[in-house]
Structure formats: structure tokens, C-alpha cells
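The block underneath contains the structure these notes are about, expressed in C-alpha cells.
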Amino acid sequence: GNDVCADCHKDQHSSYLLSAHAKALRPTEAEQEPEDVEYYHEPSRRWYRVYREGDQLRHRESVRDPEGTELVLHDKPVSWTIGSGRFSLSYLAQEGDFFIESPVTWYSSRKKWEMSPGFDRSHHYGFERLADVGCLICHAGQVTPREGNHFQPMIHQTSIGCESCHGPGAAHVANPKVEVVRMTPESTCVACHNEEHSDLFDYEAYLKTLVVPGHGLPIKTDGSAATP
């Protein structure tokens, strides 16, 4: 895991913490999330409200009759934030061992809440789309199915960590002479950053945000690491 790597590779770990990978998945903290909002999604004729209640960020889905009376379909605290915020922030509600994708996402470039990918249509999942292992594996460092059930993910490491890009590190920890992958090949990246899920991905451009002083390049003369 990351902590073991950080014991010997402190500069690399400090630089990594500034990257989008380090923020790929994290517990939701209400005070850090974007502004509250209420808006109407015309294709599905549903209302969505993002608001705070105590230390929780909550997402509500409802419909209204012609007189404006609200019928709440779902009102859930969101527990997990997906994404660094560079492009967007999506959210998961957790119920027991299940993770449910919220229909609303924050889009950083537009600075507004809109429908999550796959939800901007008349008939969508609402709060019934489960995030399984196949989904979370590209947002978490280590995730496995619980007792073989891919719809009950077990998250062992939240961030996209060292081993996600550099391969298994146990042998290297046991014997530092055993090499790990130093320069992650494009083939590793496109397992997640592909046309379906990351259509703006450019390997060379992304590499510049990760290979920086302290993480693939010499540290600056003043001892600091560059911000990607």
C-alpha cells in the first residue's frame, strides 16, 4: 500500500499527494463539497436538491404534481466522492455493503450541478444504479468483491495508489533490488482512461502532471516539489 511505499520514497509520495490520482475516491466531507442547489431535470420530470444537514451532504430526488406538492422519491446522505474535481465530482450513497450512484454530478468547467453520466435522459436509473467492482476499480486503489459478489465491493485503498501504476510492490519491499515499473506504460493507463470513460485522455499530457520534481524528476534546488 501507499504507506509502505512512503516509508522509503517520501519525496515521491509528497508529490503524489498533489496529483489527481490521490483524490480519485475519498469519504465525502460536506464542508469541502460544491454549493447547494435545487434544479429541475425536464427530460425525467424530476427535481433534484443538493443540501447540507449537520455534517452530511444529502441528495434528494422528487417529483411534483401540478399544484407543486412534492413527493420525495429518495433523500440520501452521500458517503463517497469520486473524482479530484479537475473535471467533475460524482457521489455515492452507501447502504450496507452496497454503493449507489447519485444521479447528480458537479461539473467543474461549467461550475454547476447537472445529471451524472448516463442519467441525462427521460428514463434513467434514479437512485437505483449500483456501483460495482468493475466501476470502482478505476476510482479506488484496491477494491475486491465481497464473498465473490461484485455488487458488494470492499474498498481496501481509496486513492489510485502506487501499485495501480507501478505494479505489485511486495517483492520490492522484501528486496529493494527487485525493480518495479518506473515509467508507467500507456497500456496500463488506458485500462481505465479509454474512449468510453475518459475521452479527453492524452497520455503525454497526463504524464506531465505526474512526472514532476520528486516523482520521476529531480527535486527542486529549494527542496520543494512542483505542483502538477
Side-chain angles (χ1 to χ4, degrees), residues 1-29 79-87 90 92 94 97 99 131-198 200-228:
N2 290 354
D3 293 340
V4 176
C5 299
D7 287 341
C8 293
H9 302 283
K10 291 181 173 60
D11 291 338
Q12 289 87 343
H13 185 256
S14 295
S15 180
Y16 153 78
L17 291 176
L18 300 173
S19 72
H21 280 175
K23 308 175 186 69
L25 178 69
R26 58 178 171 81
T28 299
E29 297 184 39
S79 306
W80 296 91
T81 302
I82 297 176
S84 67
R86 180 182 179 188
F87 296 111
S90 294
L92 300 175
Q94 185 172 355
D97 297 330
F99 297 83
D132 63 6
V133 171
C135 170
L136 292 179
I137 202 168
C138 282
H139 298 288
Q142 294 181 26
V143 57
T144 59
R146 185 183 300 274
E147 298 178 356
N149 187 342
H150 283 255
F151 289 100
Q152 292 181 293
M154 296 176 63
I155 300 173
H156 307 286
Q157 179 176 293
T158 55
S159 58
I160 302 298
C162 307
E163 293 178 291
S164 299
C165 298
H166 299 289
H172 177 70
V173 171
N175 179 3
K177 292 184 179 180
V178 176
E179 289 286 330
V180 295
V181 177
R182 292 187 176 275
M183 184 60 71
T184 305
E186 186 174 2
S187 58
T188 297
C189 303
V190 297
C192 290
H193 293 283
N194 49 50
E195 290 186 4
E196 181 180 359
H197 300 116
S198 186
L200 298 178
F201 177 71
D202 181 292
Y203 176 71
E204 296 297 334
Y206 271 53
L207 211 57
K208 292 176 182 178
T209 71
L210 296 171
V211 181
V212 296
H215 190 214
L217 294 178
I219 210 76
K220 285 183 173 181
T221 55
D222 63 2
S224 64
T227 300

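One is the number of the first residue; the rest follow in order along the sequence. These values consider heavy atoms only, across backbone and side chains, with no hydrogens, waters or symmetry-generated copies.
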If I take atom NE2 from residue His166 and atom NE2 from residue His9, how far apart are they, to the nearest 0.5 angstrom? 9.5 Å
Please give me the minimum heavy-atom distance between His13 and Asn2, naming the atom from each residue. CD2-O, 4.2 Å
Where Ala205 and Asp202 come nearest, the two heavy atoms and their spacing: N-OD1, 2.9 Å
side-chain hydrogen bond (donor to acceptor under 3.5 Å, both in side chains) partners for Ser90, two or more places apart: Thr105
Results of side-chain contact (heavy atoms from CB on, under 4.5 Å) for Asn175 - residues two or more places apart only: Lys177, Val178
With sequence neighbours left out, what residues match Phe201 under ring pair (Phe, Tyr, Trp, His ring centres under 6.0 Å)? His193, Tyr206
Say you draw a straight line from CD1 of Ile160 to OG of Ser19; how long is it, rounded to the nearest 0.5 Å? 9.5 Å
Look up atom NE2 in His172 and atom SG in Cys8, then write down how far apart they are to the nearest 0.5 Å. 7.0 Å
Hits for side-chain contact (heavy atoms from CB on, under 4.5 Å) against Asp7, two or more places apart or cross-chain, chain-then-number order -> none
With sequence neighbours excluded, give me every salt bridge (charged side-chain N to carboxylate O under 4.0 Å, His left out) pair touching residues 133-159. Asp97-Arg146
Are a donor atom and an acceptor atom from the side chains of Thr28 and Ser79 found within less than 3.5 Å of each other? no
Does CZ belonging to Phe151 count more than 12 external heavy atoms closer than 6.0 Å? no
Summary of salt bridge (charged side-chain N to carboxylate O under 4.0 Å, His left out) pairs that have at least one residue in residues 151-160, sequence neighbours excluded: none
Report the residues that fulfil side-chain contact (heavy atoms from CB on, under 4.5 Å) with Glu29, sequence neighbours left out, ordered by chain and then residue number. Glu31, Gln32
By side-chain hydrogen bond (donor to acceptor under 3.5 Å, both in side chains) - contacts of Arg26 (at least two apart): Glu33
List the steps and the verdict of side chain to side chain contact (heavy atoms under 4.5 Å, CB included) for Tyr16 and Cys5. CA-CA 11 Å; Tyr16 153 78; Cys5 299; over 6 Å; no
Can you give me every donor-acceptor pair (side chain of residues 131-145, partner residue at least two apart or in another chain, under 3.5 Å) with its distance?
residue	atom	partner	partner atom	Å
Asp132	OD1	Gly134	N	3.2
Asp132	OD1	Cys135	N	3.0
Gln142	NE2	Glu163	OE1	3.4
Thr144	OG1	His156	NE2	2.7

Donor-acceptor list for residues 181-188 side chains, cut-off 3.5 Å, not counting sequence neighbours:
residue	atom	partner	partner atom	Å
Arg182	NE	Glu179	OE1	3.1
Thr184	OG1	Cys165	O	3.0

Over all heavy atoms of both residues, which pair between Ser159 and Gln157 is shortest? Give the atoms and the distance, please. O-NE2, 3.4 Å
Give a yes or no answer on whether the side chain of Ser15 reaches the backbone of Gln12 with a donor-acceptor pair at less than 3.5 Å. no
Could you pull out all residues at least two apart from Glu195 that satisfy side-chain hydrogen bond (donor to acceptor under 3.5 Å, both in side chains)? none
With side chains defined as the heavy atoms from C-beta onward, is the minimum distance between Tyr203 and Val190 less than 4.5 Å? no
The reported gap from CH2 in Trp80 to CD1 in Ile155 (rounded to nearest 0.5 angstrom) is 4.5 Å
